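Following: one structure in structure tokens, then a few remarks.
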Amino acid sequence: MENWWKNSVVYQIYPRSFRDSDGDGIGDLKGITQKLDYLKLLGVDAIWMSPVFKSPNDDNGYDISDYRDIMDEFGTMEDMECLIAEAGKRGIRIIVDIVANHTSDEHKWFEEAKKSRENPYRDYYIFRDNVDGTVPNGLTSLFSGSAWEYQEDTDSYYLHVFSKKQPDLNYANPKVRQEIIDILNFWIDKGVGGFRLDVIENIGKEPDREIIINGPKLHDYVHEMYEQAFSRGDLMTVGECWGADEEKARLYTDPKRGELSMVFQFEHVTLDEVPGEGKWCLKKMELADLKRVFTKWQNAFHGDGWNTLFWNNHDLPRIVSRYGNDGAYRVESAKMLATLLHGMQGTPYIYQGEEIGMTNIQLPSIDDYEDIETLNMYKEKIGQGADSAELMRSIYAKSRDNARTPMQWSSKEHAGFTTGKPWFAINPNYATINVEDALEDEYSIFYYYKKLIALRKQKEIFVEGDYHLLLAEHPDVFAYVRTYNDQALLVICNFYDREPQISVQTELAGILGRQPGAGLPSCEILLSNYEDCGNPLDVLKLRPYEAILCELT
Ligand code: TEU
């Protein structure tokens, strides 16, 4: 099928924490290959793996020192080829994560570039001379502090939007663009199914004007990648774009323009932060905001773009702990959140462990954390006199490490993740939240996800249907209907543990173009998170976190 990714579901793996096959405590490629049958059972079509390339791991692989080789801890190129082939046999494509905005400072290009101002690689990066002993301008790193690092040998500063071990590449240099295109083609030749492009919105930066994202040449550069690499096959490409609004998302994803298949925008997962204050500044998510944001994005494209659908990734806290309830209603709320997302238009992404309802973690001390963003933020804020307990509250809610604890495969030692000493803390709740138990329970979150994935493949309306919000003003319930030809799909989600009474009949009749009283269609329940669910076309009292997905015929 052309554009196979439109009715596909993607599973994201954070290789370091997925499955360790050799007992060194770090997940690896062979571990992923061993679990392909598990992913096949779940029903996913593609696996996006966070970077597996050679890296000193300052930022867990997002600092790449060789794009054509595999990180030692993860295995060999042979293991990678074997994974691509074995996945292929199961109809699963491998999506690799290319960090095109920056390299590691241990990449041979940077090692050359820093040697002298005349070095042929100098212009691969963004150096500025030391003029008056201060940084060139006020740009700050997303991982705290100035974005400029002093480099003594050549008395200059280089730009790093992320850690100082992640120097930014200079896309104004055509040689850099060609190098990256060659890398993309190298992996296309290896048989990958596509790419996730890390912080792609940063590559058109103009640092002297303090423009970091959405620079004037951005779309030219992405189009060039499309022309010279992505268009070589029916590949899936997804760009990470924190700063994309609908118009920008359309520029990337309008098929007529030849750039990317889709982008990740993050508006729905920034609703629990104080606007403008950044992720660590906590606020309660308001359901009205969530409805507004999803509805806007669901209606953003009319064949001139495509959405991603996701709650989690390796940078985000676990959704069940975040917008759900990871206590008494963990199972119900995890299923409810899955229903809301998978009923929408776009390509759904599932992050490892989401399918068993894995939760956030609270580690006793800052010293137990691993993530560079978390550690740098803590150090910086403590230096400015912040209160440690308050910082820990933010870290418990938002640290990227919430997503990075090892996958919980069983209730055995180290959650069945490794036979050695795990590289990072395992969530103690693995005794009850694990894959082995999930597979034995027909009502588990796992089997619920499996059904949602299967439904998307069976029914065209999931891919094609229009979206209409219902009960817009309701404080507890997020409901919508999808329509396609004479078909309709109704989704009702109760977001809290309250038990509201709702009626969607009149509104539904209006959307479906029926006269009030002319009789509504009949309703077939496709999926719900309580065993015996009432008729959604009657006046209905919802139970805590109840979710209903039904087809109206
Ligand atoms: O993330 C981009 C990014 O902007 C993150 O720093 C994000 O703002 C933050 O994680 C939210 O908490 C990508 C990768 O997904 C991330 O893992 C890398 O650390 C980063 O790029 C640098 O490559």
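None of the values given here were measured: they were computed from a predicted structure. In each ligand, atom 1 is the first atom listed, and ligand 1 is the first ligand listed.
With respect to the salt-bridge test (charged N to carboxylate O, under 4.0 angstrom), the residues Lys114 and Asp153 do not qualify. Under a 4.0 Å N-O distance rule, the pair Glu240/Arg196 qualifies as a salt bridge. Using a 4.0 Å cut-off between a side-chain N of Lys or Arg and a carboxylate O of Asp or Glu, Lys398 and Asp272 qualify as a salt bridge.
Between Tyr38 and Trp409, the ring centre distance stays below 6.0 Å.
For the salt bridge (Lys or Arg N to Asp or Glu O under 4.0 Å) test with Asp69, the passing option among Lys54, Lys190, Lys108 is Lys54; the others fail.
Residue-level contacts of ligand 1 at the 4.0 Å heavy-atom threshold are Asp59, Tyr62, His102, Leu142, Phe143, Phe162, Gln166, Arg196, Asp198, Val199, Glu240, Trp242, Lys279, His314, Asp315, Glu373, Arg400, Arg404.
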Which pairs would a plain distance check flag for residues 283-290, meaning a side-chain donor or acceptor within less than 3.5 Å of a matching protein atom at least two apart in sequence or in another chain?
from	atom 1	to	atom 2	distance (Å)
Lys283	NZ	Leu271	O	3.3
Asp289	OD1	Arg292	NH2	3.2

